[in-house]
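Okay, structure first, notes after.
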Protein chains: 2
Amino acid sequence: MSRKHRSSTAALRRPRAPVFAALGDEVRLSLIAKLCAGQPYSISQLTEGSRLTRQAITKHLRVLESVGIVHSVHRGRESLFEFDPKPVEETRKYLDLVSEQWDQALSRLKSFVED
Amino acid sequence: MSRKHRSSTAALRRPRAPVFAALGDEVRLSLIAKLCAGQPYSISQLTEGSRLTRQAITKHLRVLESVGIVHSVHRGRESLFEFDPKPVEETRKYLDLVSEQWDQALSRLKSFVED
DNA sequence: TTAATATGCAACCCGGAGGTTGCCTAAATG
DNA sequence: CATTTAGGCAACCTCCGGGTTGCATATTAA
């Protein structure tokens with residue numbers, strides 16, 4: 001087994017549910033959509049245009065922060081949030097493995113039928 | 001914009017949170033792990049080896065079914081659950097777009113700095 | 001210094017998610 | 001037919017997620 005493949009299965013074993021759970025909310029997905037465009041935003045800026053309270057947005061940001069999807073830096077009186085690509089990337093690889101397993105299962109089934 | 005890219009952004013707009021939420025549970029991820037190996041399983045079989053009740057497992061399966069990750073076929077007195085790769089695949093593409101947006105933002109920043 | 005702005009913290013509310021138990025029905029098995 | 005096995009349905013419980021309001025604090029602006 002190659003090193004690359006081994007690290008993939010290690011990533012498979014690590015608990016993924018929290019990241020998925022953090023992604024499982026439309027408000028948080030729209031926050032990610034804004035932040036992954038590159039520019040950091042303050043809480044007030046992220047609250048603008050939303051029907052939710054600043055505190056609600058803050059809670060969502062903390063959820064994203066708790067799984068590493070965003071991180072915050074404090075500048076003056078405001079805290080700026082910035083996207084971090086690593087967790088999303090690892091999650092994408094995880095889904096890759098699921099699809100890959102399924103495809104391999106289909107291949108085995110196909111070659112079995114052909115025999 | 002190519003047709004392919006247009007359909008990608010359409011997939012981006014469709015609500016993704018329910019699928020992520022369905023994936024946001026370790027029990028359901030382990031069910032997926034078993035089912036994406038190719039073979040269909042009955043509820044009793046999926047309950048075996050788990051510390052949870054059959055009804056708890058059933059509820060989790062219904063959650064996965066509600067977002068299309070699995071589907072059930074009835075055979076005799078048992079209902080067999082089988083993995084369906086489409087939602088996972090679309091979710092993977094969604095995460096691709098997020099990563100892609102981030103990478104493009106980095107590229108723009110880099111070329112801006114270089115100017 | 002005073003006022004406005006940005007945020008943090010805590011209490012509270014409500015609904016739903018995850019889990020269990022109990023009972024009931026349908027199918028396979030003897 | 002009697003029994004076992006697979007599953008559906010419903011009630012119930014507990015806890016937490018999402019949201020709000022109210023107030024306190026720190027920084028910036030006038």
Side-chain angles (χ1 to χ4, degrees), chain A residues 15-35 39-84 87-88 91, chain B residues 15-35 39-84 87-88 91:
Chain A
R16 292 284 157 193
V19 184
F20 281 121
L23 294 170
D25 183 288
E26 298 289 352
V27 175
R28 289 195 287 270
L29 286 184
S30 67
L31 289 173
I32 292 175
K34 284 184 193 169
L35 291 173
Q39 196 180 353
Y41 287 92
S42 73
I43 296 177
S44 296
Q45 289 171 333
L46 290 171
T47 304
E48 260 175 47
S50 164
R51 281 177 242 90
L52 297 184
T53 325
R54 170 181 58 86
Q55 285 82 351
I57 298 295
T58 301
K59 282 192 180 182
H60 284 296
L61 288 170
R62 299 302 173 199
V63 172
L64 292 175
E65 194 176 29
S66 72
V67 297
I69 294 180
V70 305
H71 62 267
S72 61
V73 306
H74 296 265
R75 197 183 59 182
R77 64 180 158 184
E78 59 189 358
S79 71
L80 298 177
F81 281 81
E82 193 172 29
F83 180 72
D84 190 321
V88 164
T91 302
Chain B
R16 292 284 157 194
V19 184
F20 281 121
L23 294 170
D25 184 286
E26 298 289 353
V27 175
R28 290 195 286 271
L29 287 184
S30 67
L31 288 174
I32 291 175
K34 284 184 191 169
L35 290 173
Q39 196 180 353
Y41 287 92
S42 74
I43 296 178
S44 296
Q45 288 172 335
L46 291 170
T47 304
E48 261 176 46
S50 165
R51 281 177 243 90
L52 298 184
T53 328
R54 171 180 57 87
Q55 286 81 351
I57 299 294
T58 300
K59 283 191 180 181
H60 283 296
L61 288 170
R62 298 303 172 199
V63 172
L64 292 175
E65 195 177 28
S66 71
V67 297
I69 294 180
V70 305
H71 61 266
S72 62
V73 305
H74 295 266
R75 197 184 60 182
R77 65 180 159 183
E78 59 189 358
S79 70
L80 299 177
F81 281 81
E82 193 172 28
F83 179 72
D84 189 321
V88 165
T91 302

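Below, read A as the first sequence line, B as the second, and so on, with proteins coming before strands; counting in each chain starts at 1. Bear in mind that the values here come from a model prediction, so they are computed numbers and not experimental data.
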Whole angstrom value for the distance that separates P of dG18(D) from CG of Leu61(A): 13 Å
Closest to side chain of His60(B), choosing from dG19(C), dT20(D), dG19(D): dG19(C)
task: Tell me which of Asp25(A) and Ser79(B) sits closer to the 5' end of DNA chain D, going by the nucleotide each one is nearest to.
output: Ser79(B)
task: Would you mind reading off the distance between Ile57(A) atom CD1 and dG17(D) atom P, rounded to a whole angstrom?
output: 17 Å
query: Could you give the CZ-to-C1' distance, from Phe20(B) to dG17(D), as a whole number of Å?
result: 19 Å
message: Looking at Arg77(B) and dT5(D), is any side-chain donor or acceptor paired with a base atom of the opposite kind under 3.5 Å?
response: yes
message: Does dG7(D) have its OP1 or OP2 closer than 4.0 Å to a side-chain nitrogen or oxygen of Thr58(B)?
response: no
message: How close do Pro18(B) and Val67(B) get, counting heavy atoms only, and between which atoms?
response: O-CG1, 3.8 Å
query: Just by modelled atom types, is the Leu52(A) backbone N or O under 3.5 Å from a matching donor or acceptor in the Ser50(A) side chain?
result: yes
field: Side chain Arg28(B) and base dG18(C) donor-acceptor under 3.5 Å
entry: no
- prompt: Checking all strands, does Arg62(B) fall into the base, sugar-phosphate, or nothing category for heavy-atom contacts under 4.0 angstrom?
  reply: sugar-phosphate
message: Output the rounded distance in Å from CG (Leu46(A)) to P (dA6(C)).
response: 13 Å
- prompt: Choosing from dA6(D), dT7(C), dT20(C), which nucleotide comes nearest the side chain of Leu52(B)?
  reply: dT20(C)
- prompt: Under 4.0 Å between a side-chain N or O of Ser42(A) and OP1 or OP2 of dA6(C)?
  reply: no
query: So what does Ser44(A) hit on the nucleic acid, given a heavy-atom distance under 4.0 Å: a base, only sugar-phosphate, or nothing?
result: sugar-phosphate
- request: Answer whether the closest heavy-atom distance between the side chains of Lys34(B) and Leu46(B) falls below 4.5 Å.
  value: yes
message: Any side-chain N or O of His74(B) below 4.0 angstrom from OP1/OP2 of dG7(D)?
response: no
- request: Kindly say whether, by distance alone, the side chain of Lys59(A) makes a donor-acceptor pair under 3.5 Å with the base of dG17(D)?
  value: no
- request: Could you tell me the separation between the CZ atom of Arg75(A) and the C1' atom of dT5(C), rounded to a whole number of Å?
  value: 15 Å
message: Here's a test of your reading of the structure: between Glu78(A) and Gln55(B), which maps to the more 5' nucleotide of DNA chain D?
response: Gln55(B)
task: Ignoring hydrogens and angles, tell me if any N or O in the side chain of Arg28(A) forms a donor-acceptor pair with the backbone of Ala17(B) under 3.5 Å.
output: no
query: When you measure from the side chain of Arg54(B), which nucleotide among dG8(D), dT27(D), dG18(D) comes out closest?
result: dG8(D)
message: Just the rounded figure in Å: distance from P of dT25(D) to CD1 of Ile43(A).
response: 19 Å
- prompt: OP1 or OP2 of dT20(D) sitting under 4.0 Å from any side-chain N/O of Thr53(A)?
  reply: yes
- request: Using modelled atom types only, decide if a donor and an acceptor are shared between the side chain of Ser42(B) and the backbone of Gln45(B) within a distance under 3.5 Å.
  value: yes
